[in-house]
**Q** 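Here you go, one structure.
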Amino acid sequence: MIHSLFLVNSSGDIFLEKHWKSVVSRSVCDYFFEAQERASEPENVPPVIPTPHHYLISVLRHRIYFVAVIQSEVPPLFVIEFLHRVVDTFQDYFGVCTEAAIKDNVVVVYELLEEMLDNGFPLATESNILKELIKPPTILRTVVNTITGSTNVGEQLPTGQLSVVPWRRTGVKYTNNEAYFDVVEEIDAIIDKSGSTITAEIQGVIDACVKLTGMPDLTLSFMNPRLLDDVSFHPCVRFKRWEAERILSFIPPDGNFRLLSYHVSCQNLVAIPVYVKHNITFREGSSQGRFELTLGPKQTMGKGLEAVLISSQLPRGVLNTNLNPSQGTYNFDPVTKLLSWDVGKINPQKLPSLKGSMSLQAGASKPDENPTINIQFKIQQSALSGLKVNRLDMYGEKYKPFKGIKYMTKAGKFQTKGLLRGRAWDLKN
Amino acid sequence: MLSMSTNNLSYSDQGGTDSAVEVGQETTPTSSNAGAGFGLFSVDFKKNEDLKEMLESNKESLKLEAMKRVVGLIAKGKNASELFPAVVKNVASKNIELKKLVYVYLVRYAEEQQDLALLSISTFQRALKDPNQLIRASALRVLSSIRVPIIVPIMMLAIKEAASDMSPYVRKTSAHAIQKLYSLDQDQKELLIEVIEKLLKDKSTLVAGSVVMAFEEVCPDRIDLIHKNYRKLCNLLVDVEEWGQVVIISMLTRYARTQFTSPWKEDGVFDEHNERAFYESDEEKTRDETEAKPYMMDPDHRLLLRNTKPLLQSRNTAVVMSVAQLYWHLAPKNEVSIVTKSLVRLLRSHREVQYIVLQNIATMSIQRKGMFEPYMKSFYVRSTDATHIKSLKLEILTSLANEANISTILREFQTYVKSQDKQFAAGTIQAIGRCATNISEVTDTCLNGLVLLLSNRDETVVAESVVVIRKLLQIQPTQHSDIIKHMAKLFDNITVPMARASILWLMGEYCERVPKIAPDVLRKMAKSFTSEEDIVKLQTVNLAAKLYLTNSKQTKLLTQYILNLGKYDQNYDIRDRTRFIRQLIVPNDKNGALSKYAHRILLAPKPAPVLESAYKDRDRYQLGTLSHTINTKASGYLELSDWPAVAPDQSVRNVEVIEPVKEWAPSLGKTVKSKPAKSSDDKFYSDSGEEEEKGSGSSSSEDGSSSSSSEESGSDAESHVQKNSSQTSEESDKSSSQSEKSSSESDSEKKERKTKTPLQKKTVKPTAKDCDSDENGNVAKEANSSSAEESSSDSESDSDTHTDSDSGTEHKKKTKSKAKPKVEVKSTKDVSLLDLGDFTPAPVTQHKSSVLSPSLLGDLEGLSLSNVSSTIQLSGPAFVPEKSHDLLHRMTGKGLSAQYQFPRQPCLYQPTMVSVQISLTNTTDHPLEQIHIGDRSPTGLNIHCFNTIECLEPEASVTVFMGIDFNDSTQAANFQLCTKEDHFSVSIQPAIGELLLPITMTELDFRKEQGKLLGMNESSATITMAAENMTSQPISRPVATVANLGMVPSSQDNVHRFAGKTANSGAVVLVTVELRGESTALITINTEKSVMGSMLLRDLKLALAQA
């Protein structure tokens, strides 16, 4: 399956290679570099590149390309999913997944890659199992190891590898038993200039941090499980129970994991928590343009909008801007023509606005684009879809755990589009 | 770096060129980013000397330090092969980390240093016998990864041995080793196939994925090896680790295509580009289907579909995709759409995932628009999408366009045209062109819109518009001379060669429509000819020739001038063309023959171009494969065969020999833990039998609109019964529990599921527990099985589960004692009971009052659901009234009509519930989706809802069962019947007689019970009734109609006794009808539920008086 792996940084250097079968020369990456050169943006490198003898499947995360070399037919998603899993594991181990972190921990990286694949076929990708085989590096452990000569490598086969609950190791012990669940929702929306929603959908996840002793068996129930349109589970969730009762029943992995991701479709009315009014005008013949943008909260259920950030790609004709924000700071990059405005918190009494003029390139004709405006925001303590956790129960262990649930809403891909109504084609004609 | 691309053909041979390349690589400066922690990589080759010393030292820590640096070198891609002798000595080190690093080194360099590598072999051979399974496994891993041909026999031996290791982990490793050995020495194939065959029989979920992978690599054509393991693989699938799932699913897809007949209609509704078929009404389809030979899906085929469905919920995108492709290639056409939602969900994942998924959706959406149309908005392009994602979304939107949504799509496209990404804008214009040709209604609109774009400021947009307009005009050239004129005007401002050439071609082609403009354009071109691009020059020559033929008076000189210019052009194509045209059109003596036809050659009507999707032909590759993505056959791609016309013998999948019981007995803790029998019981993702059943049911009810279908399903049932009987006799011999599913998943299974009341399940539990040896797994499993129980009975509270899992042993005892009297029933059943996932709500079938077959009734009779007393037994209903009541009228239900009746069967979900049969009919002309039960009142009302009906086709009806706990009162159960759009409040008002369950008892018992229920508990009345009704037959009839009571044999002719118990509390209800002479009769009712008694009395009075 996966023959070799090359890690390529943004400047096009291969800084790590690993082969699971015969060695493939790194010159195979030249095809990748060619594609990289052709692509205007780093994201535009095609994920699958055929070469005469191999196929290169790559993912880009944290400005590092993970390039897998494949020699024969394999489902591309299989490789892509695995590569992402590798990145997740690195992040889990080192906190960040950067070139420096990988280079610093090259031995651990190598040991991990060795365990994760055997002959190109995934062997152990469950973080709990890996952590028993190879302990994550910490400063303390490094010090201890140098003194005592002990190692980071487990000597026994992790219990999870054989059990029916491979995601949980046995013999977990905590003095403080706690289980935290974060319900995080992201709203994706496209809104047209008049403020009506073209499409909106909510993607939610429940991330958990469970630190419980022994083998707890948890059930999590919702007040309104019908909201969840489409779900995907961590393998620990008993699907049958969900089907029958809409209750999440599971033996949790130890530590951080994503319990559930779900989707609330656009069919259910999604309340848009923010509105943007913008008016950008250019006068024909003049080298000035007016810019006005106001935003305010809408249907936020009493919760405040935080960390609001507006960004927009202004038309190429714009030379510079002279704008006045009522709050926060704004920034315009004359090269990329990217306008960004860090609004911060929105006070419903005093709505933030950004007003001013833009100077245009002399002689250029009036730009006709109505720029797209991207909005980012956060709403604490509220899940936009209205999803509510009813209760969490624990069975199988005697102690009383500390339980906590947090809700949060974030803007995902949230943008308003300038749609020129007057120019809409008449369809009857 | 680019210079290296010249030697790209040599990269595949390793060794020699390798080091050279690496040295070259070294020169690229990376020292700048070699930070502090990275210092050890900047060591140059001289420092390897000190590495050697360190490796040969006595200190463990020094060795380890050295090995870490060596691994750093390897990671960097530097050559560290000269250290081989020093490193290999440490292979037997006690330090496990050091040992692992040495392994890493060995695997990397053993191929180059074969002789030295042999030194390490004996260490591995010793390690293969180590008591620690991890050490055994890793020794095998390294041994098999050393690509040294000499050790092939040793590897072979090790693999064979490991294949029968106690530890499933070691067995898994041996499955991986098979592939390695095969790639090293293909001659071992036959021997390896033997090992694969052995490992395929393995019941561990750990091994399954790996061995199937080995199978795919070594002998994908040996489909015969799969037969016996097919059902096992299907059943294990949900518990296999996710990577294994992907491999198994893709293998099973291929397998199914060779073994089952096509579930698609013979003439192939979706066969290729038969677009019309999409719009065929469903009715037509079903009619065709019933006329044709009835198709019966192989139960194994259904098993595969059912067991893969829960995996759509997997977090692993590759698993979801592989299930989606399985449904696409294997499922009946009406079931494929269940994968849509999951695929759309994947679009939220990483960009690379989106890319692959969108590609597959693009291929799917060409054949089946309907699947993705409801999710159209998910394919709207965002400005932040990568270019290749954008164009894929565009592709899909274009495929999804139809008359209904085209206006929305076009509006969306208009915003894309304004995108700053010009490549994307150009793609959008092409997409508009495609929409215009596909949907004739909007052709004119699009054309006008595109003409508007001609005044766009951006050149690429204009050029692309011109090209697309040219194509559109060619399709309908008649009334568009205006546009051509308009384009001629624009001609001067357009500089993109392709656009200029397009306009020139248009001029020439339709020069008769623009007689005045065309010569003028030619004049301009004559002026600028020399400075034009080649493609424009060619079209100029063409235009000149065409004008010469139609309008030689005005253009003769111009043409000659242009031909002269062309004659001396630098480009030979243009010179050639000029020469050809000159000979063709300019009359001279030599070539009269051809010039006669010049007009017909040059101005022949040309076929309009077809604007097609680039994904049109992609469906020749299996979805989800690499070949599909790159649109060429990747090496190792396995062709998906066509369905066989006649299904091969299906009995090959029957498993004759059951593994000896010994396999199941607990052995030393290292045995396979997840045994299939249990795993199917304990599954985390269960096989959602219910859901599936319903899915298949609704399809059959679709057919139900025609009368012949009931016959069809009738014969279906019959054949199953036959099959069954042979099977059960076979099965009954096998006392050991076995998971291999009976070959027919239908009737026999349904029946067994029904009979599997909670009580019976408990009787099974101890058996499952007995073979459960593992300590830690125990809690989990217990909780699981109890959760399975819970799913069937809603009222069992959570605390119940708690005690269940805590006091397992106690529970066991209890259940055992309870189970005893029923041993006969159990023994025949538990073979498959263990294996059953869940209760099935009674299947959706055509209207039949009695769904239970007689034999099933017999089974039910043997089961006591109450704890009243052992002599009182539940009996089958004496009579089932046909009368159904309106639940929801079709007028109030906006076309959804519902009727309910009481089938008088003991409720399967919970004994305290009354089962209600509801038939839902869709009288609208569109399918109703997601019919389910919503809010209920009173809120405490305990209802077992039927599973959501995903889709009810027009004119179709389904029958579903639900259980309602009326709590022994006639208070109506109010709840909401919801469809996707609407909610309808409905209520079910039970007659008092429906709250009872019939019981049988002896007359003696009857009297005894009656004796206990006197006084307050007795109510009686005397009625007058017609004389001809004074015999027992007519009396029992109206009584049975009113109330669900069982007859009690009576020794007196004039006294008739009936007995029942209330569903909820199980209170006994005794009815005595005593005929007294002339035409009077005394009705006596004894029950502790006195309210019920009096109500029942009233009803009976009414009924008997009428009779």
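Only a predicted model underlies this, so the values are computations on that prediction, with no experimental measurement involved. To find a chain, count down the sequence lines: A is the first, B the second, and so on, and within it residues start at 1.
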**Q** Using a cut-off of under 4.5 Å on heavy-atom pairs, state which of A/Leu113, A/Leu83, A/Val74 scores highest against chain B.
**A**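 With the most close heavy-atom pairs to chain B, the winner is A/Val74.
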**Q** Once you round to the nearest 0.5 Å, how far does CE of B/Met321 lie from CD1 of A/Ile80?
**A**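 The CE atom of B/Met321 sits 11.5 Å away from the CD1 atom of A/Ile80.
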**Q** Select one option (side chain, backbone, both, neither) describing which atoms of B/Tyr637 are under 4.5 Å from chain A's heavy atoms.
**A**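 Both backbone and side chain of B/Tyr637 come within 4.5 Å of chain A.
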**Q** Taking side chain as everything from C-beta outward and backbone as N, CA, C, O, which of these in A/Phe6 sits under 4.5 Å from a heavy atom of chain B? Side chain, backbone, both or neither.
**A**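 It is neither, since no heavy atom gets under 4.5 Å.
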**Q** Write down the atom of B/Ser635, the atom of A/Tyr55, and the distance for their closest heavy-atom approach.
**A**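 Here B/Ser635 and A/Tyr55 meet closest at N-OH, 3.3 Å.
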**Q** Does the pair A/Phe239 and B/Val238 meet the rule for a side-chain contact (heavy atoms from CB on, under 4.5 Å), with working shown?
**A** CA-CA 10 Å; A/Phe239 185 69; B/Val238 282; over 6 Å; no
**Q** Are A/Leu77 and B/Val319 close enough that some pair of their side-chain heavy atoms sits under 4.5 Å apart?
**A**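 Counting from C-beta outward, A/Leu77 and B/Val319 never come under 4.5 Å.
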**Q** For the atom pair CG (B/Leu206) and CG (A/Leu123), what is the distance rounded to the nearest 0.5 Å?
**A**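 One gets 8.5 Å once the value is rounded to the nearest 0.5 Å.
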**Q** Quick one: what part of A/Trp242 sits under 4.5 Å from any heavy atom of chain B, side chain, backbone, both or neither?
**A**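 Neither part.
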**Q** Can you tell which of A/His19, A/Arg61, A/Arg258 has the highest number of heavy-atom pairs within less than 4.5 Å of chain B?
**A**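 Option with the greatest count: A/Arg61.
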**Q** A/Leu117 versus chain B, heavy atoms under 4.5 Å apart: side chain, backbone, both or neither?
**A**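 The backbone, not the side chain.
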**Q** Taking all non-hydrogen atoms of both residues into account, name the closest pair between B/Ser314 and A/Ser232 and its distance.
**A**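 Answer, listing the atom of B/Ser314 first, then A/Ser232: O-CB, 3.6 Å.
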**Q** Checking A/Glu81 now: which residues fulfil side-chain hydrogen bond (donor to acceptor under 3.5 Å, both in side chains) with it, not counting sequence neighbours?
**A**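 Here the qualifying residues are A/Arg85, B/Thr317.
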**Q** For A/Phe121 versus B/Ser210, what's the shortest heavy-atom pair and its separation?
**A**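 Smallest interatomic distance, heavy atoms only, reads CE2-OG, 4.1 Å.
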**Q** Between A/Glu115 and B/Arg141, does any side-chain N to carboxylate O distance fall below 4.0 Å?
**A**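 So A/Glu115 pairs with B/Arg141 through a salt bridge.
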**Q** Supply the atom-to-atom distance A/Ile14 CD1 to B/Lys76 NZ, rounded to the nearest 0.5 angstrom.
**A**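 That separation rounds to 9.0 Å.
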**Q** Looking at every non-hydrogen atom in both residues, tell me the closest pair between A/Ser58 and B/Glu352 and how far apart they are.
**A**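 Heavy-atom minimum between the residues: O-CG, 3.4 Å.
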**Q** Report the C-alpha separation of A/Ile190 and B/Lys377 in whole Å, then their side-chain angles, then the decisive distance to 0.1 Å, and conclude whether the side-chain contact (heavy atoms from CB on, under 4.5 Å) test is met.
**A** CA-CA 10 Å; A/Ile190 302 176; B/Lys377 288 186 172 174; over 6 Å; no
**Q** I'd like to know whether A/Glu126 forms a salt bridge (Lys or Arg N to Asp or Glu O under 4.0 Å) with B/Arg315, so could you lay out the CA-CA distance, the side-chain angles of the two residues, the decisive distance to 0.1 Å, and finally the verdict.
**A** CA-CA 13 Å; A/Glu126 212 47 77; B/Arg315 66 170 169 171; 3.3 Å; yes
**Q** Before accepting this row, confirm whether a basic side-chain N of the pair B/Arg348/A/Glu186 lies closer than 4.0 Å to the acidic partner's carboxylate O.
**A**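 Salt bridge flag = yes for A/Glu186 with B/Arg348.
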**Q** Count the heavy-atom pairs under 4.5 Å between each of A/Val48, A/Ile57, A/Val107 and chain B, then report the option with the highest count.
**A**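 Top count of heavy-atom pairs under 4.5 Å with chain B: A/Val107.
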**Q** Do the side chains of B/Lys341 and A/Asp230 get close enough for a salt bridge, i.e. N-O under 4.0 angstrom?
**A**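 The answer is no: the pair does not qualify as a salt bridge.
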**Q** If you measure from NE2 on A/His263 to OG on B/Ser378, what distance do you get to the nearest 0.5 Å?
**A**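 OG of B/Ser378 is found 6.0 Å from NE2 of A/His263.
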**Q** Please list, chain by chain and in numerical order, all residues satisfying side chain to side chain contact (heavy atoms under 4.5 Å, CB included) with B/Arg351, sequence neighbours excluded.
**A**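 Listed in chain order: A/Glu43, A/Leu60, B/Ala386, B/Ile389.
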**Q** When you measure from the side chain of A/Glu73 to the backbone of B/Ser627, do you find a donor-acceptor pair of N or O atoms at a distance under 3.5 Å?
**A**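 It does hold such a pair.
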**Q** Testing the basics here: between A/Pro76 and B/Gly624, what is the closest heavy-atom pair and its distance to 0.1 Å?
**A**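 Result for this residue pair: CD-O, 3.2 Å.
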**Q** Is it the case that the ring center of B/Trp243 lies less than 6.0 angstrom away from the ring center of A/Phe78?
**A**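 Yes.
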**Q** Determine the option with the most heavy-atom pairs under 4.5 angstrom with chain B, choosing from A/Pro47, A/Ser261, A/Pro46.
**A**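 If we count pairs closer than 4.5 Å to chain B, A/Pro47 comes out on top.
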**Q** With rounding to the nearest 0.5 angstrom, report the NZ to CG distance, B/Lys100 to A/Leu133.
**A**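 With rounding to 0.5 Å, NZ (B/Lys100) is 5.0 Å from CG (A/Leu133).
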**Q** For A/Val109, is it the side chain, the backbone, both or neither that has a heavy atom under 4.5 Å from a heavy atom of chain B?
**A**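 Answer is neither: A/Val109 stays 4.5 Å or more from chain B.
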**Q** Could you go through the side-chain contact (heavy atoms from CB on, under 4.5 Å) check for A/Arg226 and B/His932 one step at a time?
**A** CA-CA 11 Å; A/Arg226 289 223 174 269; B/His932 60 269; 4.1 Å; yes
**Q** Begin with the C-alpha distance, continue with both residues' side-chain angles, and end with the deciding distance and a verdict on side-chain contact (heavy atoms from CB on, under 4.5 Å) for A/Val59 and B/His350.
**A** CA-CA 9 Å; A/Val59 306; B/His350 297 285; over 6 Å; no
**Q** Which of the residues A/Glu114, A/Gln203, A/Gln313 is involved in the greatest number of heavy-atom pairs with chain B at under 4.5 angstrom?
**A**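 When all of A/Glu114, A/Gln203, A/Gln313 are compared, A/Gln203 has the most.
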**Q** B/Gln179 versus chain A, heavy atoms under 4.5 Å apart: side chain, backbone, both or neither?
**A**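 Both backbone and side chain.
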**Q** Whether the side chain of B/Glu111 engages the backbone of A/Ser22 through a donor-acceptor N/O pair (distance < 3.5 Å, no angle test) should be reported.
**A**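 Judged by distance alone, no pair lies under 3.5 Å.
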**Q** Pick one of side chain, backbone, both or neither for B/Val320, based on which atoms fall under 4.5 Å of a heavy atom in chain A.
**A**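 B/Val320 has no heavy atom closer than 4.5 Å to chain A.
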**Q** Under 4.0 Å between a Lys/Arg side-chain N and an Asp/Glu carboxylate O for A/Asp118 and B/Lys172?
**A**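 So A/Asp118 does not pair with B/Lys172 through a salt bridge.
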**Q** What part of B/Gln325 lies closer than 4.5 angstrom to a heavy atom of chain A: side chain, backbone, both or neither?
**A**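 Contact with chain A: none, neither part.
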**Q** What part of A/Asn105 gets closer than 4.5 Å to chain B, counting heavy atoms only: side chain, backbone, both or neither?
**A**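 For A/Asn105, no heavy atom lies under 4.5 Å from chain B.
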**Q** So, for B/Ile630 and A/Pro50, which heavy atoms are closest and what is the spacing to 0.1 Å?
**A**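 Where B/Ile630 meets A/Pro50 most closely, the heavy atoms are CG2-CG, 4.0 Å.
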**Q** Top residue by heavy-atom pair count (under 4.5 Å) with chain A, among B/Val104, B/Thr173, B/Asn316?
**A**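 Option with the top pair count is B/Asn316.
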**Q** Heavy-atom pairs under 4.5 Å with chain A - which of B/Thr632, B/Ile74, B/Val344 has more of them than the others?
**A**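 Winner by heavy-atom pair count: B/Ile74.
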**Q** Count the heavy-atom pairs under 4.5 Å between each of B/Lys633, B/Met67, B/Glu241, B/Glu242 and chain A, then report the option with the highest count.
**A**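 Sorted descending by pairs with chain A, the first entry is B/Glu242.
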**Q** To the nearest 0.5 Å, what is the distance between NZ on A/Lys21 and OG on B/Ser145?
**A**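 Going from NZ on A/Lys21 over to OG on B/Ser145, the span is 10.5 Å.
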**Q** Which answer fits B/Val246, side chain, backbone, both or neither, if we ask what part of it has an atom under 4.5 Å from a heavy atom of chain A?
**A**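 Contact with chain A involves the side chain of B/Val246 alone.
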